[in-house]
Each structure stands twice: as C-alpha cells, then as structure tokens.
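Keep in mind it's a predicted model, so treat the numbers as computed, not measured.
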Amino acid sequence: MSPRTRLWLVLAAGAGLAVLLVAACLDLPRFGGDRHPYGDRAVREALARDAANTVSSVNFDQRAFDTLGEMSILFAAVLGCVVLLRQTRDEHRARPEPAEVALPVRRYALVVLPVALLTGLYVIAHGQLTPGGGFQGGVVAATALHLLYLGADYRALERVRPVGLYEVGDALAVSAYVVTGLAALIGGTAFLANTLPYGTFNTLSSGGTVPLLNAAIGMEVACAVVVLLARFLDQAVEIEEESGK
C-alpha cells in the first residue's frame, strides 16, 4: 500500500469518526440540565442490584464485557513488555549497589508503605460500596511496594517482589474474570451476567458478582503494574551491556 493510499484511508476514517462524534454530541442532554437518561438508568439498575457504587455496577455488571476488554489490553501490554524487555545475549545482570538514602526519605517511605498498601487493599475490597475499585486500588497497592525501593534498596524490593509469582497472579486474575463469565453461561444466562444473590445493600457481600469481578481486576492490575515496573527497573538498575555502557 502506497503512502498516498494510507493517507486517504486515514483521512476517510477520521472524517467518519468526526461525523459520529458530532452526531453523538448533538444528542447529548443540555449542559447543566437535569435530564441524564443514561445516568438515570445506570443508577436505577445499580440500586436494583444492591450495589451502592454505581460506577462499579456499570464496570462489573452492566458492561462487564467491556471491562474484560480493558483488562485484556493491560494483560497484552504486560505480555508485550515482558517479551520486548527480556534479557538478550549481549546483556548481563550486575548486582545493584545500595545507594545512600537520606534519613527523612527512608523514614517516610517505610512509614507510608504499610499505610499505602492497606489503603490499596481497602479500595479494592470496598469497590462496590465507595468510590474506587479494582483499577484504582490495584495501582495503589502495586506502587506502595516500590516505596521499599525508595526507602531501602533494590535488593530489599526484590525480596518482596518475586516477579514470577506476580506473572502467575496476573494470569490467574484474568482467568478468574473469564471463568466467572463462563459460569453464567453454564447457569443458562448471558456471559458475565450477574448470577449470585445480590445480598444486603451497602455491605461487602452486596452486588452479586460485582465484588468477585472487582477483586479479579484489582489482583490483575496490581500484578501487572508490579511486573511492568520490575521489567523497567531491571533495565535501569541491573542489566548492562557487555561493553560496559
């Protein structure tokens, strides 16, 4: 395909996308008005399923299939990073030397680490009740571990971050999400449909399958972020070229 042909294809696709975007914007409710059809339906469906957090109800129930796509994108990104940043023949691992860390930085990092980790786990566990959920809590929990790198050294981080286990955890979390959807098919309903009892409103067990899918997302995001940061840190801290550059 010639560059000229590719340019015309890009322009045609962009024009079509622009037309659809304008058409969608013209049909939006008036700014500042009280008519929000989608929002009203989403809130009504969330309350009917005893999910206090409407956003989590949308993500893990009303459009759980879309969330599966988003999770698959992150999983594919991690897989690509692992493949591209793997150690090559002209590289070798050099043990990182501990760096001097200022005492205030060390104290702050080591004090905040358990607080940040618990905060991330709390956000994941209460995703169906309060703002947050698996995506946000997973990122907080994963980055909290790396405060050990800032407050101590890279070797200390390695002891609490066996990359292989996190890679397995990433795969298991994706599998758990898919298996939950397949269980709905076996039960005679739609893929990823809510098949569990909705429980009691505003409790940890409320929302049917929402807490399960939210927990799977939290585990997948946390493991994925740990693996990504591990590969980048390996390149920056451990792996050196044979020439010594």
Side-chain angles (χ1 to χ4, degrees), residues 67-101 105-125 127 132-180 212-245:
T67 303
L68 174 61
E70 297 170 3
M71 180 177 63
S72 300
I73 292 173
L74 178 59
F75 182 76
V78 173
L79 182 60
C81 178
V82 170
V83 173
L84 292 175
L85 296 183
R86 66 187 185 280
Q87 187 175 352
T88 59
R89 293 180 179 178
D90 60 344
E91 295 175 331
H92 72 280
R93 290 187 177 275
R95 297 299 301 172
E97 295 295 332
E100 289 293 332
V101 180
V105 174
R106 181 183 296 271
R107 289 175 176 173
Y108 176 81
L110 298 182
V111 168
V112 171
L113 190 156
V115 178
L117 183 59
L118 288 176
T119 300
L121 297 177
Y122 178 90
V123 172
I124 295 174
F135 285 104
Q136 299 87 342
V139 173
V140 173
T143 52
L145 292 178
H146 291 79
L147 288 173
L148 194 59
Y149 172 57
L150 299 178
D153 57 33
Y154 192 66
R155 295 181 183 179
L157 174 61
E158 282 186 313
R159 287 193 289 269
V160 300
R161 189 212 59 187
V163 180
L165 291 180
Y166 284 94
E167 291 175 343
V168 172
D170 191 7
L172 288 177
V174 175
S175 301
Y177 197 101
V178 175
V179 168
T180 304
L212 298 180
L213 297 178
N214 176 67
I217 288 291
M219 180 178 176
E220 199 275 334
V221 171
C223 292
V225 172
V226 168
V227 173
L228 283 175
L229 292 178
R231 296 306 176 188
F232 287 120
L233 282 174
D234 283 349
Q235 291 287 320
V237 178
E238 287 192 80
I239 296 181
E240 299 177 352
E241 296 182 4
E242 291 289 353
S243 61
K245 295 180 180 179

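- Val82 meets the side chain to side chain contact (heavy atoms under 4.5 Å, CB included) test with Val78, Glu167, Val227, Arg231; sequence neighbours excluded.
- Under the 4.5 Å side-chain criterion, counting only non-hydrogen atoms from C-beta, Glu220 is not in contact with Tyr177.
- Summarising the geometry of Ala176 relative to Thr180, their closest heavy-atom pair is O-OG1, 2.8 Å, with the distance given to 0.1 Å.
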Could you go through the side-chain contact (heavy atoms from CB on, under 4.5 Å) check for Val140 and Leu117 one step at a time?
-> CA-CA 7 Å; Val140 173; Leu117 183 59; over 6 Å; no

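- Between atom CG of residue Leu229 and atom SG of residue Cys81 there is a gap of 9.0 Å, rounded to the nearest 0.5 Å.
- Taking CD from Glu158 and CG from Asp234, the interatomic distance works out to 7.5 Å, rounded to the nearest 0.5 Å.
- Remark: Val179 engages no residue in a side chain to side chain contact (heavy atoms under 4.5 Å, CB included) (not counting sequence neighbours).
- Nearest heavy-atom pair across His146 and Leu157 is CD2-CD2, 3.7 Å.
- Between atom CG of residue Leu68 and atom CD1 of residue Ile73 there is a gap of 10.0 Å, rounded to the nearest 0.5 Å.
- From Cys223, atom SG reaches atom CZ of Phe75 across 11.0 Å, with rounding to the nearest 0.5 Å.
- Between Leu113 and Ala144, the closest heavy-atom pair is CG-O, 3.4 Å.
- In this structure, Arg161 and Leu145 have side chains that are not in contact, with every pair of non-hydrogen atoms separated by 4.5 Å or more.
- The OG1 atom of Thr143 sits 10.5 Å away from the CG atom of Leu150 when rounded to the nearest 0.5 Å.
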Without placing hydrogens or testing angles, list every side-chain donor-acceptor pair under 3.5 Å for residues 212-219, not counting sequence neighbours.
{"from": "Asn214", "atom 1": "OD1", "to": "Gly134", "atom 2": "N", "distance (Å)": "2.6"}
{"from": "Asn214", "atom 1": "ND2", "to": "Ile124", "atom 2": "O", "distance (Å)": "2.5"}

